Amino acid sequence: MLTALGSLAAAAQNASPVKDLVSYVNTLQGTASTPGYSYGNTYPAIALPFGEHFWSPQTGKNGNGWKYCYQDSAIRGFGQTHQCSPWMNDYGVYSLMPLTGNLVVNEDKRASPFDHRNEKAGPDYYQVRFDNGIQTQITPSERGAIFRFQFPKNAPAYLLLDGYTGYSQFQIDAQHKTVTGYVHNGIFIPGNFKNHLILRFSQPLLSYGSWDGQANTVSADSTQVSGNKKGIYLQFKPGTTVEVKVASSYISLAQAKRNLLQELGTKSFDQVHSRAHQTWNKKLGQIQVEGLSKSDQQTFYSCLYRSSLFPCKFYDRDSTGKPYYYSPNDAKIHNGYFYTDDGYWDTFRAKFPLYNLLQPRMQARYMKAILAVQKECGWLPSWSFPAETGGVMIGNHAISVLADAWIKGIHSFDPDSALAAYFHEATGSRPDGRFGRKEWGDYFVLGYVPYKKSEVGSTAKTLEYCYDDFCAYQLAKASGNQFYEDIFARQLYNYKNVFNPASGFMEGKDSTGKFDPQFNPYQWGGPFVEGNSWHYSWSVFHDVQGLIDLMGGPQKFVSKLDALFNSPDSIDVGSYRDTIHEMREMVTARMGQYAQGNEPIEHTAYLYTYAGQPWKTQYHVRRIMQTLYNASPKGYPGDEDQGQMSAWYVLSALGLYSVCPGTSQYIIGSPLFTKAVLHLEGGKTFVIKALNNSDQNIYIQSATLNGQPFTANWIDYKTIIKGGELIFQMGDHPAKNRAVKTSDLPYSFSSTKSKQALTRAK
């Protein structure tokens with residue numbers, strides 16, 4: 001763990017920009033989690049940005065989604081991992097575990113105690129020394145890694161290869177000091193899925209054999225093994241240092257060998273580490289920040305690291321360097337780029353708007369990969385996971401990701417194909433309801449999804465379908481597809497159909513048009529998902545002005561927002577029937593009913609801006625950043641969710657946030673640093689300065705953009721991409737007369753339609 005973390009609670013002090021940004025990253029951030037309470041539900045991923053394979057120490061049992069918990073005191077192995085969420089678990093896993101003394105294969109008994117003082121966790125390098133004297137070091141490549149195991153003298157030295165929870169097949173070639181094989185494990189993976197692997201050792205083998213994890217038996221001298229929960233062991237000379245080069249491929253063993261040759265080859269551990277370090281410094285260096293405390297910089301770069309992991313690359317390069325991949329959706333080999341491991345319900349909100357700023361080239365590839373999923377399995381992904389494209393969370397948010405990219409100038413895909421795929425999604429469903437919209441008929445006829453007490457999420461679905469239809473409308477309008485523009489324009493006010501003016505909340509509504517007479521805004525579940533009406537009543541991303549009007553105008557809207565933050569943090573477990581971790585995290589935050597620990601409400605602090613009181617946005621956004629985030633193992637206010645929680649912080653720390661992906665606007669908040677420089681892909685830079693910034697001076701007093709007065713509460717994507725300089729003057733009191741004109745307000749669909757109507761009338 002970074003020694004600098006001891007200063008996390010220290011008073012703020014000026015900090016200069018640093019060149020070695022990797023040293024500011026703590027990959028243990030968010031790891032002090034349990035199924036009952038999430039400080040992030042993360043693990044210390046040792047990987048390159050968006051690498052195909054990650055690595056992590058494993059303290060939990062095989063198959064336990066909480067693979068590394070900071071509070072644990074023993075490690076069972078060092079595994080290859082692709083896990084984007086503990087709730088989704090992992091796939092394609094195998095692990096290595098060094099042992100000294102007796103050969104013990106049982107994963108509980110072989111676990112070796114360690115002390116965090118003897119652990120160093122970075123994205124490019126991980127090191128730990130067990131209490132028994134064994135030291136392990138790991139450094140990654142995109143599709144592999146090099147391990148270095150140092151064994152104590154005068155005791156037998158063993159290395160276990162564990163095939164994890166499912167089927168595996170391994171072969172030992174003692175003469176060439178290699179092991180080859182594959183593993184097949186995971187929840188949603190198809191039957192023919194294989195993660196092929198090769199391991200090459202730097203030292204000769206003294207002995208070897210196989211073992212059975214179910215029977216806890218060992219077969220000496222066995223050169224191959226296959227079956228469930230199987231593994232092999234290798235013995236080396238006592239006191240030796242063994243380096244192991246590892247590479248994997250979903251395509252074939254031949255490709256795994258090619259990956260080993262291409263990425264590791266004859267390179268030394270130090271050479272691979274140096275490249276990984278440089279790669280991460282380059283990635284983190286896309287945003288250089290300075291000012292305020294060192295702990296703020298640690299939190300920022302730890303979050304930027306975490307938001308640079310998913311989606312994972314799921315492609316290899318052939319002998320000519322061209323990308324190709326095995327598709328888990330149709331079990332065939334295809335040419336091109338492919339990515340996986342991302343839940344759009346979480347990540348459409350902040351992560352992809354951040355990606356469109358930092359890496360439009362990769363975004364262009366990824367948009368084509370999203371449509372490749374639809375072509376290969378018939379449905380757009382809503383949760384991108386091998387062989388699982390939907391059914392995990394609500395909504396059809398692939399269209400948000402696609403529309404946001406298109407609106408921001410990323411035109412790598414055919415918009416007509418994307419719209420046709422979404423139309424298929426929005427007007428149909430697989431019989432089991434896992435894909436598309438099983439309630440599509442009611443939604444189009446009634447204008448909402450009717451609430452049934454036997455089901456969960458009707459109102460949440462209505463709100464998210466409405467927003468998704470807006471994204472399709474935006475894509476159609478921007479690409480000149482009048483047919484789909486007209487179709488989706490009809491649903492853009494459907495959010496109004498589940499708003500009850502009598503209560504001032506979004507509510508469940510049955511098929512006869514009646515609201516639930518037992519409505520309670522504190523009650524979780526029922527018409528909502530992982531939240532209550534306090535959380536979802538703000539989910540009108542595309543038409544905040546329309547929501548303001550529903551709630552009785554700007555002042556009543558602001559009063560309602562104030563009540564959100566100031567109301568009791570009471571919980572009614574509702575249809576969940578028990579306290580779930582999101583409820584506990586909301587109470588711990590001590591921000592009333594505001595629940596930063598889960599996605600539905602994360603945009604809400606920015607809504608004051610739409611009602612003409614941006615200083616309240618500035619106050620709450622700063623408060624959330626400074627009280628709910630840090631770089632420690634308890635660093636997040638809830639599930640980190642494939643980079644979304646981190647991306648919220650990164651954008652907010654810059655003073656920006658995309659309330660409505662699918663538009664080109666980023667809303668202005670309160671920049672955390674005195675200076676932030678965005679190094680854009682085209683070679684240009686966009687600089688954000690906050691003069692006189694401090695923990696007290698959180699309010700924007702005035703601003704200039706490229707030397708001209710700037711009063712808007714938003715900035716356009718194209719303005720940022722062109723490069724320039726945005727300068728804020730900060731102060732310790734609200735500037736209540738600044739940025740309150742109608743022209744300063746962010747986009748709302750209602751306002752845009754009204755302006756268009758006025759223009760036509762003139």
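Computed from a predicted model, the values in this text were never measured in an experiment. Position 1 is the first residue of the sequence, and the numbers go up from there.
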Spell out, as yes or no, whether a donor-acceptor pair under 3.5 Å connects the side chain of [X] to the backbone of [Y].
{"X": "Ser412", "Y": "Ala364", "value": "yes"}
{"X": "His542", "Y": "Leu492", "value": "yes"}
{"X": "Glu599", "Y": "Arg349", "value": "no"}
{"X": "Asn481", "Y": "Asp416", "value": "no"}
{"X": "Ser429", "Y": "Phe435", "value": "yes"}
{"X": "Thr462", "Y": "Val449", "value": "yes"}
{"X": "Tyr325", "Y": "Gly336", "value": "no"}

Say you draw a straight line from CZ of Arg306 to NZ of Lys351; how long is it, rounded to the nearest 0.5 Å?
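If I round to the nearest 0.5 Å, the distance is 12.0 Å.
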To the nearest 0.5 Å, how far apart are CE in Met586 and OH in Tyr594?
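Separation between the atoms: 12.5 Å.
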Which label fits Tyr344 and Phe352: parallel for a plane angle under 30°, tilted from 30 to 60°, or perpendicular past 60°?
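The arrangement is perpendicular - the two ring planes meet at more than 60°.
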[X]-[Y] aromatic ring centre distance below 6.0 Å:
{"X": "Phe348", "Y": "Tyr467", "answer": "yes"}
{"X": "His603", "Y": "Trp648", "answer": "no"}
{"X": "Phe749", "Y": "Tyr473", "answer": "yes"}
{"X": "Trp534", "Y": "Phe505", "answer": "yes"}
{"X": "Tyr315", "Y": "Phe338", "answer": "no"}
{"X": "Tyr366", "Y": "Tyr339", "answer": "yes"}
{"X": "Tyr91", "Y": "Phe188", "answer": "no"}

Name the residue from Tyr326, Phe314, Tyr324 that meets the ring pair (Phe, Tyr, Trp, His ring centres under 6.0 Å) definition with Tyr250.
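Exactly one option meets the ring pair (Phe, Tyr, Trp, His ring centres under 6.0 Å) with Tyr250, and it is Phe314.
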Considering residues at least two apart in sequence or located in another chain, which fulfil the side chain to side chain donor-acceptor pair (under 3.5 Å) criterion with Arg143?
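Here the qualifying residues are Glu52, Glu263, Asp316.
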So, applying side chain to side chain donor-acceptor pair (under 3.5 Å) with Asn598, which one of Glu585, Glu530, His581 is it?
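The passing option is Glu530.
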Which of these passes side chain to side chain donor-acceptor pair (under 3.5 Å) with Trp66: Asn41, Thr34, Thr31?
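Among the candidates, only Asn41 passes.
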Taking the six-membered ring of Tyr448, is the NZ or CZ of Lys509 close enough (under 6.0 Å from the centre) and on axis enough (within 45°)?
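Yes, cation above the ring, under 6.0 Å and within 45°.
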Under the ring-ring contact (aromatic ring centres under 6.0 Å, His included) test, which residues partner His184, sequence neighbours left out?
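Listed in chain order: nothing, the list is empty.
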Which atom names give the shortest non-hydrogen contact between [X] and [Y], and what distance separates them?
{"X": "Ser533", "Y": "Met506", "result": "OG-O, 2.5 Å"}
{"X": "Leu419", "Y": "Ser479", "result": "CD1-OG, 4.2 Å"}
{"X": "Pro386", "Y": "Pro328", "result": "CA-CG, 3.7 Å"}
{"X": "Cys471", "Y": "Ala403", "result": "O-CB, 3.4 Å"}
{"X": "Pro600", "Y": "Ser539", "result": "O-OG, 3.8 Å"}
{"X": "Phe310", "Y": "Gln83", "result": "CZ-O, 3.2 Å"}

What do you reckon, is CD of Gln214 surrounded by more than 12 foreign heavy atoms closer than 6.0 Å?
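For Gln214, atom CD is crowded (more than 12 foreign heavy atoms under 6.0 Å).
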What do you reckon, is NZ of Lys368 surrounded by more than 12 foreign heavy atoms closer than 6.0 Å?
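Counting other residues, nucleotides and ligands, NZ of Lys368 stays at 12 neighbours or fewer.
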Below 4.5 Å, heavy atoms only, C-beta onward: do Tyr68 and Thr42 meet side chain to side chain?
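No - every pair of side-chain heavy atoms lies 4.5 Å or more apart.
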Is there a side-chain contact (heavy atoms from CB on, under 4.5 Å) between Leu564 and Trp538? Walk through the geometry before answering.
CA-CA 10 Å; Leu564 168 72; Trp538 317 99; 4.0 Å; yes
